[in-house]
Structure formats: structure tokens, C-alpha cells
Number of protein chains: 2
Amino acid sequence: MTQRRRQLPTSEELRIWRDFVETAEALRSELASRLQNESSMSPGDYTVLLALSEADGHRLRPSELAATIGWERSRLSHHLGRMERRGLVRRENCATDSRGAEIVLTAEGADAFRGASIPHLRAVRELFVDALSPGQLTAAGDLAATLRERLDTSRGRR
Amino acid sequence: MTQRRRQLPTSEELRIWRDFVETAEALRSELASRLQNESSMSPGDYTVLLALSEADGHRLRPSELAATIGWERSRLSHHLGRMERRGLVRRENCATDSRGAEIVLTAEGADAFRGASIPHLRAVRELFVDALSPGQLTAAGDLAATLRERLDTSRGRR
DNA sequence: GGCGGCTTATTGACATGTCAATTACTTCGC
DNA sequence: GCGAAGTAATTGACATGTCAATAAGCCGCC
């Protein structure tokens, strides 16, 4: 009699899975909370400001920005509205495509990013890089690559 | 001259960090989307239903439930309101503490959980367990434990 | 037996995320 | 050029998450 392929995770596999996702979530949440307390900004703000800081002329079309940071456009649009209200970015009309806009980093936005960057990177170092042995760090990169590959194949097939 | 401790991650360390968090986020998002499409429920719903399913008498005090799944009480309260509107759980008054409530799994809730469970576990298997070699799976558990420990010490010191 | 302080649970205000629909413009094919 | 199809960006409706404030009941201690 042929043996049927096991379909569901064993309890040990499930335990690892839960530890993994819960830890990743706790890490995300702790870094978000520090960013908020130390620099009054959300991880989303930081991501957007980082991308704009690295962009030519500190400006990007929303679509390019969305592609750079891997967000849906609608999400970005809402977020930019909030950031604009706080003076971190400015919207300008695009010269070459009148449907379009350009998002420009303001001086305030650049200041805020400068102030947030060092503490944030220190926190990443403390909670991730320094917590792991060199071997574990390599393993983390390896894991991420493997999981990402599976995700991409799996979504492609859909 | 004493050497000052390096404070910020190197670019290679940062690359691994970004891969790691972005992959964890993509995995979370893909599983959420499948759960929604296959079973019309959010990960939060699933988490709550799982805890109630395993509870004695399919009922728990909100505080116990919050502790079990690691949520803040306010978050849970909002979420239970939404689940109650959809008939997945019911609130009852607590006999022994009249401040309190008891959250009871409804028949509908139990059905919904039964229907969601197998496909969800299959997805976990496909996207996580089966994607990894046995060594990688062990490494994932090891990573989670190490990072969790650092998070706990770090938060404790605060 | 009653008061001060803790615990329980909810609520409101607001930030964030997703999805579908809309608006306005560009571009392609003829 | 002109209409169909595609693209850029925003919007509205709603689900989810956080924080601070509130209401209400429990409990220890005098």
C-alpha cells in the first residue's frame, strides 16, 4: 500500500512556525515602538523617508516610490497624505505627465530622517545583529532567501 | 588606544536584516490573504477561534484569552466586537466576577474554525515547513528562540 | 463596613492597511 | 486625429491596531 504524503505539519513543526512568526512580529512591534518614542515616526514614515533620501534630487514619482519600497499605490497615497499633513513631504505636479505627481522630501522631512536614522540602526543592531552569532546571522539570510523563493514560485503559480 | 565598539550595522548586516523582515512580512501577508480567500477570516479571527477551540468548555475570560494569544486587552475587545457581530463568538456575563465577561465559541464559530484549519495548516506547510530543509527548520527555531530572548532581556531592562 | 487601590473590560480617537471604484491623462492602432 | 485600452494617482469604505481615558466591581486593611 502506497504511503500517502503527510499533509499537515507535525506539532514540532508547528511549534517552530509559531515561534518564528510570533518572534518576527514581536521584533517588528518593538522596533516600531522605539521609533515612535525616540523619533515620533512610524516604520512606514521611516521607509518612505529613507527611499526619498536616497533618490535623485530627493524626489520620486509615487509609482516609483511604491515600487522601491514594495507598497501598493493606494496604501502609499494614504500614507503620503498623512506625511504631507505633518510637513515631512510635499506633493508637486509632474512636468512630463500631467496625470502624475512628484513627491519631494522637505527640509523638515530630511531633518526628521537624520534624527531617526542612527537610533533606529542602533536598535536593529542591538535586537537583531548583535543578538545573533555570525553563523546565526548567515542562517537568517539563508532562511529569508529560501522562504522568499518559495513565496515567489507559489504566488507565480496562482 | 582602545578600540571603540562599532555602533551601526554594516551594509551586509543591514541587507540580511531587511531580507529577514521583508520576507517575514511577505509570508504573513500571503497567509492572511489565503485565509481570507479560502475561509473569509482574518489571522486574528483564526487566532481567537483556535484559542477558544482549545479552551475548556469553549469559553474563556477576555483576560485569559488575551494572555493566551498575547494581545492587549483593548485590541481583543475591539476584535471580539467585530467577531460577535459576525456570530463567531458570544459574550456572556461571568458568574463569579460581575465586572467580567466570558467569551463563548458559537456553533458557527466552531464550524468556521473547522473549515479554515486544514487549508491554513496546509498553507503553513507549503510556504514554511516544506520550503525548508530539516537543518533550516531547526535553524529557524533556534533563531526565534535567540531573538526572543534578546527581546525579553531588552524590554525587561527598560 | 467602608475606603483606597487594583483589576476587568470597554470605549473613543486616531493611525494604518486593503480593496474596489473613480478621475484624468496617455498611448496605441487605425 | 480619434476612440479604446491602459496607466497614474487618489478616494471612500471599511478592517485592524495602539493609546489613553473611563466605568464598574473586587479586595485588603484599618
Side-chain angles (χ1 to χ4, degrees), chain A residues 22 25-37 39-49 59-86 88-104, chain B residues 22 25-26 28-37 39-49 59-86 88-104 155:
Chain A
E22 278 162 23
E25 162 59 20
L27 195 48
R28 187 202 59 66
S29 152
E30 175 67 15
L31 281 162
S33 150
R34 292 193 186 196
L35 202 50
Q36 193 67 63
N37 293 333
S39 313
S40 305
M41 87 176 46
S42 69
D45 298 335
Y46 186 86
T47 302
V48 168
L49 293 178
R59 63 177 56 224
L60 280 173
R61 299 286 299 270
S63 292
E64 295 173 301
L65 180 49
T68 303
I69 65 183
W71 285 15
E72 294 185 11
R73 282 196 298 189
S74 142
R75 175 182 177 188
L76 180 60
S77 191
H78 284 299
H79 204 95
L80 289 175
R82 294 187 293 263
M83 292 180 73
E84 191 174 25
R85 277 204 304 278
R86 291 189 290 143
L88 299 173
V89 301
R90 192 162 17 89
R91 284 188 230 239
E92 289 182 3
N93 290 330
C94 178
T96 64
D97 186 338
S98 42
R99 284 169 305 187
E102 282 203 319
I103 309 302
V104 188
Chain B
E22 279 161 23
E25 162 60 21
R28 188 204 58 67
S29 153
E30 174 68 16
L31 280 161
S33 152
R34 292 194 186 193
L35 201 50
Q36 193 66 64
N37 293 331
S39 313
S40 306
M41 86 176 48
S42 69
D45 298 335
Y46 186 87
T47 301
V48 168
L49 293 178
R59 63 177 55 226
L60 280 173
R61 300 287 298 271
S63 292
E64 295 173 303
L65 180 47
T68 303
I69 65 184
W71 285 14
E72 293 186 12
R73 282 197 294 191
S74 141
R75 174 182 178 187
L76 180 61
S77 191
H78 284 299
H79 204 94
L80 289 175
R82 293 186 293 263
M83 292 180 74
E84 191 173 26
R85 278 206 302 278
R86 290 189 291 143
L88 298 173
V89 301
R90 191 161 20 86
R91 284 189 229 239
E92 288 183 2
N93 290 329
C94 179
T96 64
D97 185 338
S98 43
R99 284 168 305 185
E102 282 204 320
I103 308 303
V104 188
R155 271 198 293 238

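For the numbers below, each heavy atom of this structure counts, side chains included, while hydrogens, waters and symmetry mates do not. Proteins get letters first, then strands, A, B, ... in listed order; numbering begins at 1 in each.
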Grab the [atom1]-[atom2] distance between [X] and [N] for me, whole Å please.
{"X": "B:Arg85", "N": "C:dT10", "atom1": "CZ", "atom2": "P", "answer": "14 Å"}
{"X": "B:Glu25", "N": "D:dT16", "atom1": "CD", "atom2": "P", "answer": "16 Å"}
{"X": "B:Trp71", "N": "C:dT8", "atom1": "CH2", "atom2": "C1'", "answer": "18 Å"}
{"X": "B:Arg82", "N": "C:dT10", "atom1": "CZ", "atom2": "P", "answer": "13 Å"}
{"X": "A:Leu76", "N": "C:dG17", "atom1": "CG", "atom2": "P", "answer": "11 Å"}
{"X": "B:His78", "N": "C:dG17", "atom1": "NE2", "atom2": "P", "answer": "17 Å"}
{"X": "A:Leu65", "N": "D:dA9", "atom1": "CG", "atom2": "P", "answer": "10 Å"}
{"X": "A:Asn93", "N": "D:dT10", "atom1": "CG", "atom2": "P", "answer": "10 Å"}

Next on the checklist: With a 3.5 Å distance limit and no angle check, can you tell me whether A:Ser29 reaches the backbone of A:Glu25 through a side-chain donor-acceptor pair?
Outcome noted: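 A pair under 3.5 Å: no.
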Checklist entry - Do the non-hydrogen side-chain atoms of A:Leu35 and A:Asp45 ever get within less than 4.5 Å of each other? => result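 The answer is no; the side chains never approach within 4.5 Å.
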Next on the checklist: Is any side-chain heavy atom of B:Leu49 closer than 4.5 Å to one of B:Met41?
Outcome noted: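 B:Met41 reaches B:Leu49 side chain to side chain.
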Would you please confirm or rule out a distance under 4.0 Å between OP1 or OP2 of [N] and any side-chain N or O of [X]?
{"X": "A:Ser33", "N": "D:dT18", "result": "no"}
{"X": "A:Arg73", "N": "D:dA8", "result": "yes"}
{"X": "A:Ser77", "N": "D:dT11", "result": "no"}
{"X": "B:Ser63", "N": "C:dA9", "result": "yes"}
{"X": "A:Ser74", "N": "C:dG17", "result": "no"}
{"X": "A:Arg99", "N": "D:dA9", "result": "no"}
{"X": "A:Arg91", "N": "D:dT10", "result": "yes"}

Checklist entry - Of the nucleotides C:dT16, C:dC25, D:dG17, which one has an atom closest to the side chain of A:Ser98? => result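 Nearest listed nucleotide: C:dC25.
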Checklist entry - Any idea which of D:dC26, D:dT18, D:dT10 is nearest the B:Arg75 side chain? => result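 Side chain of B:Arg75 sits closest to D:dT18.
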Checklist entry - About how many Å separate CZ of A:Arg75 and CD1 of A:Ile69, when rounded to the nearest 0.5 Å? => result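 The distance works out to 7.5 Å.
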Item to check | Most 5' of A:Gln36 and A:Glu72 on DNA chain C, judged by nearest nucleotide | outcome: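 Going by which nucleotide is closer to the 5' end, it is A:Gln36.
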Checklist entry - Does a side-chain N-to-carboxylate-O contact under 4.0 Å join B:Arg59 and B:Glu92? => result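 So B:Arg59 pairs with B:Glu92 through a salt bridge.
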